[in-house]
Amino acid sequence: MHDIRLIREDAAAFDAALARRKLEPQSASLLALDEKRRALVTQSETLLAERNAASKQVGAAKAKGDDAEFERLRALVSENKDKIAALEAETAEADAALRDALMQLPNLPNADIPDGADEADNVEDKKWGTPPSFSFDPKQHFDLGEAMGCMDFETAGKLSGARFMLLSGALARLHRALAQFMLDTHVDENELTEVWTPVLVRDEAMLGTGQLPKFAEDSYRTTNGWWLIPTAEVTLTNTVAGEILEEAALPRRLTAHTQCFRSEAGSAGKDTRGMLRQHQFEKVEMVTICKPGESDAELERMRGCAEGILEALGLAYRTVVLCTGDMGFGARKTYDIEVWMPGQDSYREISSCSTCGDFQSRRMNARWRPAPVDGGKAGKPEYVHTLNGSGLAVGRCLIAVMENGQQEDGSIAIPQALKKYMGGATRIGADGALT
RNA sequence: GGAGAGGUGCCGGAGUGGUCGAACGGGGCGGUCUCGAAAACCGUUGAGCCUUCGCGGGUUCCGAGGGUUCGAAUCCCUCUCUCUCCUCCA
């Protein structure tokens, strides 16, 4: 959510930034709402002040036992009752109108990110590793997985329908190993704090991180009103909702391994084969809560944590800066990390690391209090900055490991880093056996 | 799922219709004292919004939302969360 005061100060800059998102100018209508709201606030507060003062006199008359005076004043005060109630209602309405309008608008892009319409305009920032060369035609993960009997889309379809999968044996274990490896790395080496969170959340949490109110159709909702989280960004970031954090507690770096649920509405026909795009998948998520001055450095740190996982697994990747047209609703700047997928002969997204500035913290009212600078007085609370990133998408990482490690005979070499999570095994045979 | 109790400031905890943003205690911060520290004593210590160049003024907030009233932390209703007991249970 945007700071209306910043829009008041520089409406042109606000509209210019929105224009980079291909949005019409909004400042004029927002400022009109704001002016109406402020006028109403001033009016109703003036009336309230009068009422409060008069009420004190009523109380004083009562205390003195002057019944005639009491009745006279009481009648006087009650005259404005309806007027005040109406004005207060109108004020609340104007306040809500402004807030609703602000809630609908996406974050403003950072100055340093490229303009563009879609992913074709993203800018490569880094390339790591060399895609493996094969003396045969590399297969896609689903062909490999189905051949070894460890990846079963038919049975999953029977249970749940399209965009679900069932893993068994060596691949189920490899999937689990990947998640463990990521989590351990983030905790032991990257010094993130491990968190286990709910996956069912209230409206407020989804509003706080920006999934609501605009993108309700992308998520699932239970019959009693809980939302299934599309990412642990929702739970991890909302841990600080409504809080005022002490400066010494920042930055707060969190990680969690959770199930994620997405309806994939609007992606019909995209990646329909295999497990690249599922309704239910696992992800290890990273979230950082920090002071405004720290967020740029934290974004680089976070993206490094994600890249480190791929490097440890020996998977070639490239990192791109998303252009204005491809960036998500709440982000100011986003790095997508794309892993090389030999079966598809292309780089595919496996992580997305974003800084949201104070966009989410304003929505969820998450602040920090500057520590007292020698001489006492602690500073005024300010909004924190929030960042989130995948570290990594577990299912997609499984695909990458399979496709990059595949051999001509249909077996798969397991990265060294996963050996200890795989009971010492270093390969999965074409028949699905671990050896 | 059933029964009961309760949600007050950084923490504990008073407060059952008026002068309560809120006693008291603890903590934090500043000061006095001290070579320094401890102790003691004194002072201070919430957030949002509106208004003002500023000083300041006003207003709202005692889990959330409604209601009663001239006036609500205090009364009523709904919701929500926490705790205890029972029931069930991975």
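Worth knowing before you read on, the calculation uses all heavy atoms, side chains too, and leaves out hydrogens, waters and symmetry mates. Chain A is the first sequence line, chain B the second, and so forth, proteins listed ahead of strands; every chain is numbered from 1.
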Applying side chain to side chain contact (heavy atoms under 4.5 Å, CB included), can you list everything that pairs with [X], at least two apart in sequence or on another chain?
X	result
A/Ser219	A/Met206, A/Trp227, A/Pro230
A/Ala430	none
A/Pro381	A/Ile244, A/Arg367, A/Arg369

Would you call [X]-[Y] a salt bridge at under 4.0 Å N-O?
X	Y	result
A/Asp271	A/Arg348	yes
A/Lys270	A/Glu264	no
A/Arg38	A/Glu35	no
A/Arg262	A/Asp218	no

Distance between [atom1] atoms of [N] and [M] (Å, rounded):
N	M	atom1	result
B/rU16	B/rU82	C1'	23 Å
B/rG71	B/rA22	P	22 Å
B/rU87	B/rA3	P	15 Å
B/rA39	B/rU32	C1'	13 Å
B/rG65	B/rU8	P	16 Å

Determine all donor-acceptor pairs shorter than 3.5 Å in which one atom belongs to a side chain in residues 81-91 of chain A; sequence neighbours excluded.
{"residue": "A/Thr91", "atom": "OG1", "partner": "A/Leu87", "partner atom": "O", "Å": "2.7"}

*asked:* According to ring pair (Phe, Tyr, Trp, His ring centres under 6.0 Å), who are the partners of A/Phe153, at least two apart in sequence or on a separate chain?
replied: none
*Taking RNA chain B as the partner, which of residues 238-249 of chain A come within under 4.0 angstrom of it by heavy atom?*
none
*Can we call the ring centroids of A/Phe359 and A/His2 under 6.0 Å apart?*
yes
*Out of B/rC49, B/rU59, B/rC50, which nucleotide sits closest to the side chain of A/Arg38?*
B/rC50
*Out of B/rC50, B/rG48, B/rU60, whichever nucleotide has its closest atom nearest the side chain of A/Arg37*: B/rC50
Please list each protein N or O that sits under 3.5 Å from an N or O in nucleotides 67-71 of chain B, with the distance.
{"residue": "B/rU69", "atom": "OP2", "partner": "A/Lys81", "partner atom": "NZ", "Å": "3.4"}
{"residue": "B/rC70", "atom": "OP1", "partner": "A/Arg74", "partner atom": "NH1", "Å": "2.5"}
{"residue": "B/rC70", "atom": "O2'", "partner": "A/Ser55", "partner atom": "OG", "Å": "3.3"}
{"residue": "B/rG71", "atom": "O4'", "partner": "A/Ser55", "partner atom": "OG", "Å": "3.3"}

_Base-contact (B) and sugar-phosphate-only (S) positions in nucleotides 52-57 of chain B, heavy-atom cut-off under 4.0 Å, - elsewhere_ = ------
_Strictly under 4.0 angstrom, non-hydrogen atoms only: write out the protein contact profile of nucleotides 74-82 of chain B, one letter per nucleotide from the 5' end, B, S or -._
------SS-
*Classify the nucleic acid contact of A/Arg5 as base, sugar-phosphate or nothing, counting any heavy atom under 4.0 Å across all strands shown.*
sugar-phosphate
*Tell me: CG of A/Asp34 to C1' of B/rC49, nearest whole Å?*
11 Å
*Contacts of type side-chain hydrogen bond (donor to acceptor under 3.5 Å, both in side chains), residue A/Asp152, not counting sequence neighbours*: A/Thr155
*Return each pair, listed once, that meets side-chain hydrogen bond (donor to acceptor under 3.5 Å, both in side chains) where at least one residue sits in residues 50-61 of chain A; pairs must be two or more places apart or across chains.*
none
Enumerate, atom names and distances included, each donor-acceptor pair closer than 3.5 Å involving a side-chain atom of residues 175-185 of chain A, sequence neighbours excluded.
{"residue": "A/Asp184", "atom": "OD2", "partner": "A/Tyr421", "partner atom": "OH", "Å": "2.6"}
{"residue": "A/Thr185", "atom": "OG1", "partner": "A/Phe181", "partner atom": "O", "Å": "2.7"}

_Phosphate OP1/OP2 of B/rC10: any A/Arg369 side-chain N/O under 4.0 Å_ = no
_For A/Lys333, the option from A/Asn110, A/Thr355, A/Asp112 that meets side chain to side chain donor-acceptor pair (under 3.5 Å)_ = A/Asp112
